[in-house]
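Below is one structure, written out as structure tokens, with a few remarks after it.
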There are 2 protein chains.
Amino acid sequence: MGLDVVLREMGCKVTPQRLAIYEVLQNCNMHPTAESIYNIISADYPTMSLATVYKTLDLLKETGIIQELNIGGNTSRYDVIPKPHPHVICTKCGKIENMDMPLSKSLINKAKKACDYDIHNLQLYFYGVCPYCKNAK
Amino acid sequence: MGLDVVLREMGCKVTPQRLAIYEVLQNCNMHPTAESIYNIISADYPTMSLATVYKTLDLLKETGIIQELNIGGNTSRYDVIPKPHPHVICTKCGKIENMDMPLSKSLINKAKKACDYDIHNLQLYFYGVCPYCKNAK
DNA sequence: ACCCTAATTAATAGTTATTATCTAATAACA
DNA sequence: TGTTATTAGATAATAACTATTAATTAGGGT
């Protein structure tokens with residue numbers, strides 16, 4: 001389902017800026033920061049504002065089609081949500097990658113037993129050293 | 001093993017400020033921010049500086065006896081490390097709690113198979129609505 | 001116990017990510 | 001096409017954190 005449909009369903013306007021930001025996130029699997037999204041888009045939309053990027057990212061988060069990643073450092077990164085997946089972060093170079101590894105349903109079930117929350121989401125981050133940095137040393 | 005021993009082993013000085021900050025983290029299971037640690041300690045150490053809190057937290061992170069949590073929002077929270085455990089965050093009130101739920105060794109093993117990283121750490125966050133907020137509605 | 005020195009604190013200024021505000025532009029609908 | 005509420009863009013403001021620097025202090029040597 002396209003972003004335009006989702007936006008209209010929420011009563012939000014479909015603007016080129018929003019589509020462009022979402023497109024960057026889809027075509028770019030490197031989990032960009034708000035600022036790198038801004039830089040990428042500035043080439044085509046010289047009038048794009050960083051504030052717009054932030055506002056749009058918030059909106060897309062609310063719609064549930066992207067997620068914000070908090071992996072340490074003081075900068076958030078963003079990610080389209082095809083299906084829930086863990087992330088690996090290289091503690092040397094800071095790169096962050098999707099992991100093709102299913103988040104077992106049983107993990108949420110165990111969590112539900114371990115506390116009294118209505119759990120609706122989870123984030124799993126692994127920290128380590130990537131193959132490139134391993135060899136670089 | 002006490003903090004003083006750890007610090008001396010690292011060739012760092014044992015100062016009342018450092019001990020105080022660590023003590024707050026130990027006696028307080030609410031995962032404080034740097035600023036709330038500062039506020040708590042200010043009562044006893046009126047001369048304490050926020051910068052000192054940040055530097056000490058960084059140092060304690062390096063020693064490996066505390067960890068920094070990135071749960072969204074733009075503020076880091078801190079936590080002593082008794083043994084690795086997941087966290088639950090209430091998406092209504094922002095409270096964050098430790099979960100008494102083992103992080104199975106197999107999770108890391110699966111991760112090691114799924115990518116080529118030397119994985120040395122992981123963070124697992126669950127997001128949901130806490131019992132109190134459930135009832136409040 | 002006292003001194004010396006390097007490490008650390010405290011105060012403050014600076015930086016950076018993010019948010020708020022406000023005016024101009026524009027998507028959606030009649 | 002015209003109207004209107006929403007959104008974009010520019011910029012100022014905020015908040016978390018970091019760098020700097022002078023003053024203080026822990027810890028080893030005497």
Rounded to whole angstroms, how far apart are CG on B/Asn70 and C1' on D/dC17? 13 Å
Looking at A/Asp100, I want to see if its CG is surrounded by more than 12 non-hydrogen atoms of other residues, nucleotides or ligands under 6.0 Å. no
Taking every heavy atom of B/Met99 against every heavy atom of A/Ala111, the minimum-distance pair comes out as CE-O, 3.6 Å
Work out which heavy atom in B/Lys92 is nearest to a heavy atom in B/Cys133; give both atom names and the distance. CB-SG, 3.6 Å
Between D/dT6 (C1') and A/Leu59 (CG): distance, integer Å: 12 Å
Please name the pair of heavy atoms, one in B/Gln17 and one in B/Thr52, separated by the smallest distance, quoted to 0.1 Å. CB-CG2, 4.3 Å
Hydrophobic side-chain clustering at under 4.5 Å (ILVMFWY, transitive links): who's grouped with A/Ile81? Put none if nobody. none
Can you measure A/Leu19 atom CG to C/dA27 atom P for me and round it to whole angstrom units? 11 Å
Please give me the minimum heavy-atom distance between A/Val80 and A/His85, naming the atom from each residue. O-CE1, 4.4 Å
In whole Å, what is the span from the CD atom of A/Glu62 to the P atom of D/dT7? 11 Å
Would you say B/Ser49 reaches C/dT9's phosphate, i.e. side-chain N/O to OP1/OP2 under 4.0 Å? no
Can you give one letter per nucleotide of nucleotides 16-22 of chain C, 5' to 3': B if a protein heavy atom sits under 4.0 Å from the base, S if only from the sugar-phosphate, - if neither? -SBBB--
Under 4.0 angstrom between B/Gln17 side-chain N/O and C/dA10 OP1 or OP2: yes
D/dT7 P sits how many Å from A/Leu57 CG, rounded? 15 Å
Is the distance from OP1 or OP2 of D/dG27 to the nearest side-chain N or O of B/Arg8 less than 4.0 Å? yes
Using the C1' atoms of five pairs at each end, what's the angle between the two axes of the helix from C/dA1-D/dT30 to C/dA30-D/dT1, to 10 degrees? 40°
Minimum heavy-atom distance B/Leu3-B/Leu19, with the two atoms named: CD2-CD2, 4.0 Å
Once side-chain contact (heavy atoms from CB on, under 4.5 Å) is applied, do any residues pair with B/Tyr38, and if so which ones, sequence neighbours excluded? B/Ser42, B/Met48, B/Leu50, B/Val53
How close do A/Arg18 and A/Cys12 get, counting heavy atoms only, and between which atoms? NH1-CB, 3.8 Å
Distance test, side-chain N/O of B/Arg18 to OP1/OP2 of D/dA26, below 4.0 Å: no
B/Gly128 backbone acceptor or donor facing B/Thr91 side chain under 3.5 Å: yes
Look at all strands and tell whether B/Thr15 reaches a base, only sugar-phosphate, or nothing, counting heavy atoms closer than 4.0 Å. sugar-phosphate
Show me the side-chain donor-acceptor pairs of residues 68-75 of chain A shorter than 3.5 Å, one per line, residues at least two apart or across chains.
residue: A/Glu68; atom: OE1; partner: A/Lys61; partner atom: NZ; Å: 2.5
residue: A/Glu68; atom: OE2; partner: A/Ser76; partner atom: OG; Å: 2.5
residue: A/Asn70; atom: OD1; partner: B/Gly72; partner atom: N; Å: 3.3

Closest to the B/Thr52 side chain, choosing from C/dA6, D/dT7, C/dT9: C/dT9
Go through residues 38-48 of chain B and report each residue with a non-hydrogen atom lying under 4.0 Å from DNA chain D, sorted by number. none
